[in-house]
Structure formats: structure tokens, C-alpha cells
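These numbers come from the heavy atoms of this one structure, side chains and all, not from hydrogens, waters or symmetry mates.
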Amino acid sequence: MAKKDKRIDAYIEKAQPFAQPIMKHLRKLVHQACPAVTETVKWGMPCFEYKGPFCSMASFKQHTVFGFWKYKLMKDPKNYLGSIKADGGEAMGNMGRIASLKDLPPDKIILGFLKQAIKLNDDEVKLERNVKNPVNEKNATPTPEFAAALKKNKKAWKVWEDWTPGKKKEYVDWLREAKTEDTRKKRTDQAVEWISEGKIRNWKYIKK
């Protein structure tokens, strides 16, 4: 088994009690599938590398997340990596919110995903960069519903008006990716709260 990074040990120890067994189990599966994996910490969260970016995990107050760097290229016939139930589809946590071991797919499924990710890196398959949609005011324009929600909060609207198109687009895309109306509403409320505090979409992952 590859050498473990003590920083990840510390990260797990500091996590909420519910999250510790989840991350320990996921870490075990990563090493089981890829003995040559390298552990590290990037963006303040545990990351695993094998011939490049591989997968990562993180813990929050009420849930954990686990994701694959190249999940868009992976076969997923049962939609574990982007199901409505999991509300996945984000590079950082495309297996959705994980609050207990019961929320994880079967080990066999996770190991299968890990093997796919290994092969993608072995074959040097690259993720295509989205160069067709450069960031500009047009694709950073909020929907009428989102704009209305922002305007109801004076602080949020002021911050929004002062922001660059790039910062705006991160939120616009996040809301657009919601797969249900309920999820979209929850994300809208959360977005308005964060924006009113001057927080960019991925503020949690910025090193302090």
C-alpha cells in the first residue's frame, strides 16, 4: 500500500464524527483499487493522484463529498455520478451529499469507478476544456427568478453588480445544473446568502 499523508490523517481526525468512518472507508477503497496512488492535500482537502489528478474528498458540517476528476468521461449506466437523488454532477463531489456509509454506492460500484479513473490516466485521456463559451456578460446573466431573489437582498445585489462576469457565471452555472425545482430553489437561497457575504461560489475551498 502506498504511503499515507499525515495531513489527511489530521483532516479526518478533525472532521465531524459522522464523517470519519465515511472518509476512512473511501480512503481504503482508493488504496485497494490503486496501490500506486499518491496522497496529498490541495485546496484544503484530501486529494489522491495517480499519473495526474485522480479523485478527492472533503468533509463539511453535515455531509461529506467524494468526486472523480474525470467523471464526465466515465461510464455510469445507473447514474451514480449525477443522479437526481444524489444531486451530483459537480467535479468536487459528483456522488452527491454523503451523510453516512449507507449513502455510498456499493463497494463494487465505487471500485469500478476507481478502476475506470485509473485507466483514463493510464491512457493519458485528457479532459477537454470548454473554450466554446468564454466568460462574458451574456452567459453570466442570471435568470429572471435568480435576479429577483438577488434584488430582494440589497447587500447581495450590490455585491453582484460589482462582480466580474467570471464570478457571476459560477453561480449561474450552479443554478442551471440543478436537476429539480426544489434543488434550484435551495441553491438560489444559498447563493443569495453567500453572495450577500461577498463569497464566491467555491469560497469553501480557498486556502486561508
Side-chain angles (χ1 to χ4, degrees), residues 16 19 22 42-45 47 53 55-74 76-100 103-105 113 127-208:
Q16 296 291 332
I22 298 171
K42 290 185 176 181
W43 309 290
M45 63 184 181
C47 294
C55 57
S56 61
M57 62 183 181
S59 172
F60 304 102
K61 289 184 178 180
Q62 297 182 337
H63 71 284
T64 60
V65 293
F66 182 79
F68 295 93
W69 185 258
K70 297 177 180 177
Y71 76 95
K72 291 182 179 180
L73 304 177
M74 294 165 61
D76 180 25
K78 293 188 177 180
N79 208 25
Y80 283 105
L81 300 181
S83 66
I84 293 176
K85 179 180 178 181
D87 187 25
E90 295 180 20
M92 220 290 282
N94 36 70
M95 279 210 288
R97 296 167 66 91
I98 307 166
S100 73
D103 292 333
L104 289 170
F113 286 144
L127 277 174
E128 291 186 11
R129 293 185 178 183
N130 185 2
V131 295
K132 296 181 180 179
N133 297 307
V135 178
N136 53 48
E137 288 292 350
K138 184 177 180 180
N139 58 24
T141 300
T143 62
E145 293 78 11
F146 185 29
L150 286 167
K151 290 178 180 178
K152 288 181 180 179
N153 186 310
K154 293 183 179 179
K155 288 184 178 180
W157 183 245
K158 185 178 186 305
V159 171
W160 183 266
E161 286 191 308
D162 291 338
W163 265 359
T164 61
K167 291 180 179 179
K168 293 178 180 178
K169 187 175 183 298
E170 289 181 346
Y171 275 106
V172 171
D173 287 346
W174 188 46
L175 296 180
R176 185 184 296 116
E177 291 166 358
K179 295 177 175 61
T180 67
E181 188 60 35
D182 183 57
T183 297
R184 188 175 294 105
K185 185 180 184 306
K186 289 180 179 178
R187 288 189 179 184
T188 296
D189 292 343
Q190 184 65 83
V192 171
E193 179 185 338
W194 285 346
I195 293 168
S196 69
E197 297 170 356
K199 295 176 178 177
I200 62 172
R201 163 73 183 92
N202 293 309
W203 64 271
K204 293 180 180 179
Y205 313 126
I206 298 176
K207 288 185 177 180
K208 295 182 178 180

salt_bridge(Asp173, Arg176) N-O dist < 4.0 Å: yes

Side chains of Tyr71 and Asp76 in contact at under 4.5 Å (non-hydrogen atoms): no

Test: Glu181 and Arg184 ion pair at under 4.0 Å: yes

Parallel, tilted or perpendicular, as decided by the 30° and 60° cut-offs, for the rings of Phe68 and Phe66: perpendicular

Check against side-chain contact (heavy atoms from CB on, under 4.5 Å), Thr143 and Leu175: CA-CA 9 Å; Thr143 62; Leu175 296 180; 5.7 Å; no

Approximate separation, where rounding is to 0.5 Å, of Met95 CE and Phe113 CZ: 7.5 Å

Nearest heavy atoms of Glu161 and Lys168, plus distance in Å: O-NZ, 4.3 Å

Gap separating the CH2 atom of Trp194 from the CZ atom of Arg187, nearest 0.5 angstrom: 9.5 Å

Atom pair CG (Leu104) and OG1 (Thr64), whose distance is rounded to the nearest 0.5 Å: 7.0 Å

Side chains of Pro142 and Tyr171 in contact at under 4.5 Å (non-hydrogen atoms): no

Heavy-atom check, side chain of Thr188 versus side chain of Gln190, under 4.5 Å: no

Distance in Å, Leu150 CG paired with Lys158 NZ, rounded so as to fall on 0.5 Å steps: 14.0 Å

Evaluation steps, side-chain contact (heavy atoms from CB on, under 4.5 Å), between Met74 and Leu81: CA-CA 9 Å; Met74 294 165 61; Leu81 300 181; 4.2 Å; yes

For the student: nearest non-hydrogen atoms of Val65 and Gly96, plus distance: CG1-O, 4.0 Å

Heavy-atom closest pair, residues Ala178 and Thr183: CB-CG2, 3.9 Å

Heavy-atom side-chain contact between Thr141 and Val172 under 4.5 Å: no

Option passing salt bridge (Lys or Arg N to Asp or Glu O under 4.0 Å) with Asp182 (candidates Lys185, Lys186, Lys179): Lys186

Shortest non-hydrogen contact between Asp103 and Ile98, atoms and distance: OD2-C, 3.9 Å

Cys47 side chain near Met45 side chain, heavy-atom distance below 4.5 Å: yes

Verdict with reasoning, Phe146 to Trp174, per ring pair (Phe, Tyr, Trp, His ring centres under 6.0 Å): CA-CA 12 Å; Phe146 185 29; Trp174 188 46; 9.1 Å; no

Spacing of Lys70 atom NZ and Cys55 atom SG [to the nearest 0.5 Å]: 12.0 Å

Side chains of Lys42 and Ser56 in contact at under 4.5 Å (non-hydrogen atoms): no

Exceeds 12 heavy-atom contacts within 6.0 angstrom, atom CD of Gln62: no

Side chains of Ile200 and Trp163 in contact at under 4.5 Å (non-hydrogen atoms): yes

Reported CD-to-CH2 distance for the pair Glu197 and Trp203, which is rounded to 0.5 angstrom: 7.5 Å

Expected output: side-chain Ser59 to main-chain Ala19 donor-acceptor under 3.5 Å: no

